[in-house]
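Input: a single structure, listed below in structure tokens.
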Amino acid sequence: MIAVASGKGGVGKTWFAITLAHALAQLGRRAVLLDADLGLANADVQLGLAPARDLGAVIAGRATAEEALVAHPAGFYVLPGRSGSGALAELGAAEMQAVLALPAQLAGSFQHVVLDIGAGIGPAQRRLLAASDLPLVLATEEPTSLTDAYAVLKLLAQDAPQAAPRLVVNMAAGPAAARRVHGALEAATRRFLGRGLDLAGLVRRDAKVPEAIRAQTPLLTRHPTCAAAADVAAIARSVAP
């Protein structure tokens with residue numbers, strides 16, 4: 001279970017989660033993307049899907065997780081969230097338990113479950129991140145992204161001391177910029193949390209990314225040889241050797 005999280009919105013988290021699931025499928029792995037953004041899910045919108053069932057139907061008992069799965073032509077599966085609705089943002093205890101149980105259920109049928117966790121540090125985000133096998137925290141070069149990413153890492157250290165999160169620097173100007181971001185966050189985690197922070201990889205800023213999102217087509221399908229596609233493919237290989 002690979003959780004993709006960020007302290008703030010606007011860092012490309014959903015796009016990265018989609019592309020990572022796609023890259024894992026291209027490695028021959030059976031992969032599913034669970035849109036666990038309980039407030040503002042939009043993976044289905046980015047992919048141009050119109051699902052008949054979604055996470056809301058599963059939580060309400062109107063559908064099983066298997067019935068809500070959508071097979072994407074690119075070779076991976078999607079369990080969509082409830083797009084354009086904040087109805088899942090405030091779940092009761094029983095409903096939250098149902099959400100927390102979903103990744104393990106899906107893991108019975110898939111080699112990799114990629115969770116797109118909503119931005120922020122609310123209780124639902126924290127519990128999903130702490131329950132994952134591999135937490136990936138996305139950050140950009142923006143100062144606010146760094147401070148919010150550190151907040152996620154700090155809370156994860158409290159919630160799951162055994163977790164070994166890894167950093168992904170998105171929309172990076174290049175390797176040197178990514179190293180600066182990683183260095184700043186690792187210095188903070190070592191000083192204040194007493195733990196290091198590995199770098200999973202960087203994704204270079206690439207004009208092909210917003211173009212693919214506007215076309216509602218996965219980047220690895222539309223522009224498979226672009227810089228950002230190569231970067232996500234490299235990260236997929238590192239997390240799924």
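Side-chain contact between L20 and V168 is absent, with no heavy-atom pair separated by less than 4.5 Å. For the pair V239/R166, a side-chain contact is recorded, criterion being any heavy-atom separation below 4.5 Å from C-beta on. Contact annotation: the side chain of R53 never approaches that of V58 to less than 4.5 Å [non-hydrogen atoms, C-beta and beyond]. Considering only heavy atoms from C-beta on, V203 comes within 4.5 Å of I235 through its side chain. Here the side chains of V78 and D44 are not in contact, with every heavy-atom distance at 4.5 Å or above. Looking at L69 and F110, their side chains come closer than 4.5 Å, going by heavy atoms from C-beta outward. Considering only heavy atoms from C-beta on, R204 comes within 4.5 Å of L202 through its side chain. Counting heavy atoms from C-beta on, the side chains of W15 and V232 come closer than 4.5 Å.
Hydrophobic cluster membership is shared by L193 and L185, with clusters built from Ile, Leu, Val, Met, Phe, Trp and Tyr side chains linked at under 4.5 angstrom. F16 and L34 are not part of a single hydrophobic cluster, where members link through side-chain heavy atoms under 4.5 Å apart. No chain of hydrophobic side-chain contacts below 4.5 Å, direct or via other Ile, Leu, Val, Met, Phe, Trp or Tyr residues, connects V4 to L153. Connection of L27 to V32 is not established within any shared hydrophobic cluster, with ILVMFWY side chains joined at heavy-atom distances below 4.5 Å, either directly or through further cluster members. Taken together through direct or relayed side-chain contacts under 4.5 Å among Ile, Leu, Val, Met, Phe, Trp and Tyr, L106 and L33 form parts of separate hydrophobic clusters.
Every residue two or more places apart in sequence or in another chain that forms a ring-ring contact (aromatic ring centres under 6.0 Å, His included) with H22 is listed here: F76. V152 is linked by a side-chain contact (heavy atoms from CB on, under 4.5 Å) to I121, L129, V137, counting only residues two or more places apart in sequence or in another chain.
Remark: side-chain polar atoms of D54 are paired, donor with acceptor, to backbone N or O of A57 under 3.5 angstrom. Using a distance-only test at 3.5 Å, with no hydrogens or angles considered, a donor-acceptor pair links the side chain of H182 to the main chain of L197. Side-chain atoms of D159 never come within 3.5 Å of backbone atoms of A130 as a donor-acceptor pair (strictly under, hydrogens ignored). Not one N or O on the side chain of Q46 forms a donor-acceptor pair closer than 3.5 Å with the backbone of T14.
In this structure, CG in L219 is found 11.0 Å from CD1 in I18, a value given to the nearest 0.5 Å. Once rounded to the nearest 0.5 Å, the distance linking NE2 of H72 with OG1 of T221 reads 6.5 Å. For the atom pair CD (E67) and CZ (R62), the distance works out to 12.0 Å, reported to the nearest 0.5 Å. Rounded to the nearest 0.5 angstrom, I117 CD1 and D35 CG are separated by 11.0 Å. The CZ atom of R222 sits 12.0 Å away from the CD1 atom of I213 when rounded to the nearest 0.5 Å. Rounded to the nearest 0.5 angstrom, R237 CZ and L24 CG are separated by 11.0 Å.
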Working note: V181 + L199, criterion side chain to side chain contact (heavy atoms under 4.5 Å, CB included); need CA distance, chi angles, decisive distance, verdict. CA-CA 10 Å; V181 172; L199 179 65; over 6 Å; no
Please test M171 against E142 for side chain to side chain contact (heavy atoms under 4.5 Å, CB included), starting from the C-alpha separation and ending with a verdict. CA-CA 10 Å; M171 295 184 277; E142 296 293 329; over 6 Å; no
Let's go through L100 and L128 carefully: what are the C-alpha distance in whole Å and the side-chain angles of both, what is the deciding distance for side chain to side chain contact (heavy atoms under 4.5 Å, CB included) to 0.1 Å, and is it a yes or a no? CA-CA 6 Å; L100 290 169; L128 285 166; 3.8 Å; yes
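The shortest heavy-atom contact between G12 and N170 is CA-ND2, 3.7 Å. Heavy-atom minimum distance, A23 versus A233: CB-CA, 4.2 Å. Here the closest non-hydrogen pair linking T189 and G196 is OG1-C, 4.0 Å. Contact between K13 and L138 at its shortest, heavy atoms only, is CA-CD2, 3.6 Å. What you find for L55 and G81 is that their closest heavy atoms are CB-CA, 3.9 Å. Of all non-hydrogen atoms in S145 and A139, the two that sit nearest each other are OG-CA, 3.3 Å.
The 12-atom threshold is not exceeded at OH of Y77, counting heavy atoms of other residues, nucleotides or ligands nearer than 6.0 Å.
When the options V45, L47, L49 are evaluated for a side-chain contact (heavy atoms from CB on, under 4.5 Å) with Q216, the one that passes is V45.
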